[in-house]
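Fair warning: this is a prediction, and the values are worked out from it, not measured in the lab. Numbering starts at 1 and runs along the sequence shown.
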Amino acid sequence: MEINRDSYLQQLIERKDNGMIKVITGIRRCGKSYLLFTIFKRYLLENGVDADHIIEIALDGIESEELRDPKVCFHYIREAMKDTGSYYLLLDEIQFMPRFEEVLNSLLRMSHVDVYVTGSNSRFLSSDIVTEFRGRGDEVRIYPLSFAEFYSACDGDYDDAWNDYMFYGGLPQIMSFHSERQKAEYLKNIFSNVYLKDVIERNKIQSADEIGILVDVLASAIGAPTNPSKLANTFASERRMTYANKTISKHIDYLADAFLISRACRYDIKGRKYIGANLKYYFTDLGLRNARLNFRQLEPTHMMENIVYNELLIRGYNVDVGIVEVFGKDRDGRRVHKQLEVDFVVNQGSLRYYIQVAYDMTSEEKQKQEFNSLRSIPDSFKKIVIVNGTTKPWRNEEGFVIMGMKYFLLNADSLEF
């Protein structure tokens, strides 16, 4: 089964022959190698590139063991280029080669080779990897399958696909399993033995138990504002363990660098400034999060919020959590200060959207809760409420757009309505 990943292919096509190293990053098992060696290679062949002008090296295979030596590999690449025509070098699992940065920088000085690399451990996937190439690295970030990609490969109807996606996430390998047991065991295994192991080994973490518990706490609190100090207090009071807030902060950074989690900063909409404390954390793949919690704590509103957040990142938006400061009165008539939350403040160039995510909008109280935050925003950018289900988009009397998850996820331009 092949799943189209056209948006990523287009990003590679746009960067083709731009004189920079294309660095394909993303969480492990999200499809980077398949994108490069199958989808992109096929594009090159179909567009006139001769097969002998495509150099493929997968450094994790035993057949490439000798090529892990940087000098041997560089010599092999030079020998493979028989003429002055354009060559395309596809290097997979580059972290298996020591001093790979020097090899890539040497290749940059060769004008007739276009270089694409992937890697899949947390050493390679750290967020500052592009700086290793002296400002000449061009990053293409790959995510697990979006719901639209996932749905395109499903045999069932929307409801079946949605339930499966919300429980087991979008890692491509999930599509090959037919039983729920296989999916759950796969996700549990790779979380502990691949993702978490990578983070622990790369960062030489002495206490694996600490970061394991931290992952569990973050998984339990997706969509909830928190900070290292608050987490340290939670560990002290509820688990009777000392876990310094500075250590927690470093460990969260490690998890984010490995693309296991993402942070959403809090943004004061009226004050037009960022608020440093109490970030929100979301998991790059919801299936991994659910597996870590043994498929407990499946609270639909927070799971929907995580899926919407990831979808917005996939579409290339910058996403923050919004805060609107308002004044009201308490029961005694005294003036009080309140902070209302907007789930997401979404920016892309001059575009901006304010988005609320709600599982259920049937009650008047729930409508008031979701709409009050939007009513308090003092500008005219589009305000959207995404609800569970298949509701087609419509505007209420206040101009707010209400749309179902199905429309939002399956229409790439859904925010344009």
#### Entry: Backbone of Leu59 reached by a side-chain donor or acceptor of Ser64 within 3.5 Å
no
### Query
Is there side-chain contact between Leu374 and Val385, with heavy atoms separated by less than 4.5 Å?
yes
### Message
Could you check whether atom CD of Gln10 has more than 12 heavy atoms from other residues, nucleotides or ligands sitting under 6.0 Å from it?
### Response
yes
### Message
Under 6.0 Å between ring centres: does that hold for Phe147 and Tyr158?
### Response
yes
### Task
For the residue pair Asp343 and Val321, establish whether any side-chain heavy-atom pair is separated by less than 4.5 Å.
no
### Query
How about Gln356 and Phe400: do any of their side-chain heavy atoms sit closer than 4.5 Å?
no
### Summary
Scanning both residues in full, the closest heavy-atom pair of Ser33 with Thr118 reads OG-OG1, 4.2 Å
#### Entry: Test side chain to side chain contact (heavy atoms under 4.5 Å, CB included) applied to Ile94 and Val103, step by step
CA-CA 10 Å; Ile94 190 69; Val103 173; over 6 Å; no
### Query
Is Lys16 paired with Asp114 through a side-chain N to carboxylate O contact shorter than 4.0 Å?
no
### Task
Taking atom OH of Tyr151 as the centre, report whether more than 12 heavy atoms of other residues, nucleotides or ligands fall under 6.0 Å from it.
yes
### Heavy-atom donor-acceptor pair, Ser249 side chain to Asn245 backbone, under 3.5 Å
no
### Message
Looking at Tyr195 and Arg28, would you say the former's side chain and the latter's main chain have a donor-acceptor pair under 3.5 Å?
### Response
yes
### Query
Atom CD1 in Ile205, atom CD in Glu201: separation rounded to 0.5 Å?
10.5 Å
### Task
For the residue pair Ser262 and Tyr281, establish whether any side-chain heavy-atom pair is separated by less than 4.5 Å.
no
#### Entry: Heavy-atom donor-acceptor pair, Asp160 side chain to Gly156 backbone, under 3.5 Å
no
### Glu185 and Lys188 ion-paired at < 4.0 Å
no
### Message
Walk me through whether Ile27 and Ile142 qualify under side chain to side chain contact (heavy atoms under 4.5 Å, CB included).
### Response
CA-CA 8 Å; Ile27 191 172; Ile142 309 297; over 6 Å; no
### Query
Do you know the tightest heavy-atom contact between Leu107 and Val113?
O-CG1, 3.8 Å
### Message
Nearest 0.5 angstrom please: Ile57 CD1 to Met97 CE, how far?
### Response
6.5 Å
### All side-chain contact (heavy atoms from CB on, under 4.5 Å) counterparts of Asp6, not counting sequence neighbours
Asn4
### Query
Does NZ or CZ of Arg68 fall inside the cone over Tyr76's six-membered ring, less than 6.0 Å from its centre and within 45° of the axis?
no
### Query
Would you say the side-chain atoms of Glu93 and Gln95 include a donor-acceptor pair closer than 3.5 Å?
yes
### Query
Heavy-atom distance under 4.5 Å between the side chains of Arg352 and Tyr317, does that happen here?
no
### Query
Do Arg5 and Glu149 have side chains that get closer than 4.5 Å, going by heavy atoms?
yes
### Query
Can you pull the side chain to side chain donor-acceptor pair (under 3.5 Å) pairs that have at least one residue in residues 382-400, sequence neighbours excluded?
Arg375-Glu398
### Task
Mind listing the closest non-hydrogen atom pair of Pro98 and Phe96 along with its distance?
CD-O, 3.6 Å
### Task
Rounded to the nearest 0.5 Å, what's the gap from OH on Tyr354 to CZ on Phe381? Could you check?
6.0 Å
### Message
Show every salt bridge (charged side-chain N to carboxylate O under 4.0 Å, His left out) that has at least one partner inside residues 49-58, sequence neighbours left out.
### Response
Lys41-Glu56
### Task
Would you indicate whether Lys338, at its atom NZ, is surrounded by more than 12 heavy atoms from other residues, nucleotides or ligands within a distance under 6.0 Å?
no
### Expected output: side-chain Asn18 to main-chain Met20 donor-acceptor under 3.5 Å
yes
### Task
Any chance you could measure Ile213, atom CD1, to His251, atom NE2, to the nearest 0.5 Å?
12.0 Å
### Task
Look at Arg15 together with Asp138 and state whether they make a salt bridge at an N to O cut-off of under 4.0 Å.
yes
Would you tabulate the side-chain donor-acceptor contacts of residues 168-177 under 3.5 Å, counting partners in other chains and residues two or more places apart, or write 'none'?
from: Gln173; atom 1: NE2; to: Ser176; atom 2: OG; distance (Å): 2.8
from: Ser176; atom 1: OG; to: Gln173; atom 2: O; distance (Å): 2.7

### Evaluation steps, side chain to side chain contact (heavy atoms under 4.5 Å, CB included), between Leu231 and Ile252
CA-CA 11 Å; Leu231 290 170; Ile252 289 175; 4.0 Å; yes
### Query
For the residue pair Asp17 and Lys22, what are the closest heavy atoms and their distance?
N-NZ, 4.1 Å
### Query
Under 3.5 Å, is there a donor-acceptor pair between the side chain of Asn294 and the main chain of Arg296?
no
### Task
Could you tell me whether the side chain of Lys82 and the main chain of Glu79 form a donor-acceptor pair under 3.5 Å?
yes
### Side-chain donor/acceptor of Asn306 to backbone N/O of Phe283, under 3.5 Å
yes
### Query
Does the pair Val308 and Met405 meet the rule for a side chain to side chain contact (heavy atoms under 4.5 Å, CB included), with working shown?
CA-CA 9 Å; Val308 170; Met405 281 289 288; 3.6 Å; yes
### Message
Has Ser414 got a side-chain atom pairing as donor or acceptor with Asn411's backbone, closer than 3.5 angstrom?
### Response
yes
### Crowding at CD, Glu63 (>12 non-hydrogen neighbours, <6.0 Å)
yes
### Query
What is the distance from atom CG of Asp159 to atom CG of Asp164, rounded to the nearest 0.5 Å?
12.0 Å
### Message
On a heavy-atom basis, which atom in Val324 and which in Ser373 lie closest, and how many Å separate them?
### Response
CG2-O, 4.0 Å
### Query
Closest approach of Arg78 and Met110, non-hydrogen atoms and distance?
CG-CE, 4.1 Å
#### Entry: 4.5 Å side-chain heavy-atom contact, Val140 and Thr25
no
Output a table of donor-acceptor pairs, distance under 3.5 Å, between side-chain atoms of residues 214-227 and any protein atom two or more places apart or on a different chain; print 'none' if there are none.
from: Asp216; atom 1: OD1; to: Arg292; atom 2: NE; distance (Å): 2.6
from: Ser220; atom 1: OG; to: Asp216; atom 2: O; distance (Å): 2.9
from: Ser220; atom 1: OG; to: Gln297; atom 2: OE1; distance (Å): 3.2
from: Ser220; atom 1: OG; to: Gln297; atom 2: NE2; distance (Å): 3.4
from: Asn227; atom 1: OD1; to: Ser229; atom 2: N; distance (Å): 3.0
from: Asn227; atom 1: OD1; to: Lys230; atom 2: N; distance (Å): 2.7
from: Asn227; atom 1: ND2; to: Asn278; atom 2: OD1; distance (Å): 2.6

### Message
With ring pair (Phe, Tyr, Trp, His ring centres under 6.0 Å) as the rule and sequence neighbours excluded, what pairs involving residues 29-55 come up?
### Response
Phe40-Tyr116, His53-Tyr87
### Message
Less than 3.5 Å apart, any donor N or O on the side chain of Tyr353 or Asn347 sitting next to an acceptor on the other?
### Response
no
### Query
Can you tell me how far CG of Leu298 sits from CG of Leu293, rounded to the nearest 0.5 angstrom?
8.0 Å
### Query
Between Arg263 and Asp253, does at least one N-O distance fall below 4.0 Å, as a salt bridge requires?
yes
### Query
So, do Val357 and Phe344 sit near enough that their side-chain heavy atoms are less than 4.5 Å apart?
yes
### Message
Does the structure place the NZ or CZ of Arg141 under 6.0 Å from the centre of the six-membered ring of Phe259, at an angle of no more than 45° from the ring's axis?
### Response
yes
### Under 3.5 Å donor-acceptor, Asp268 side chain and Gly271 backbone
yes
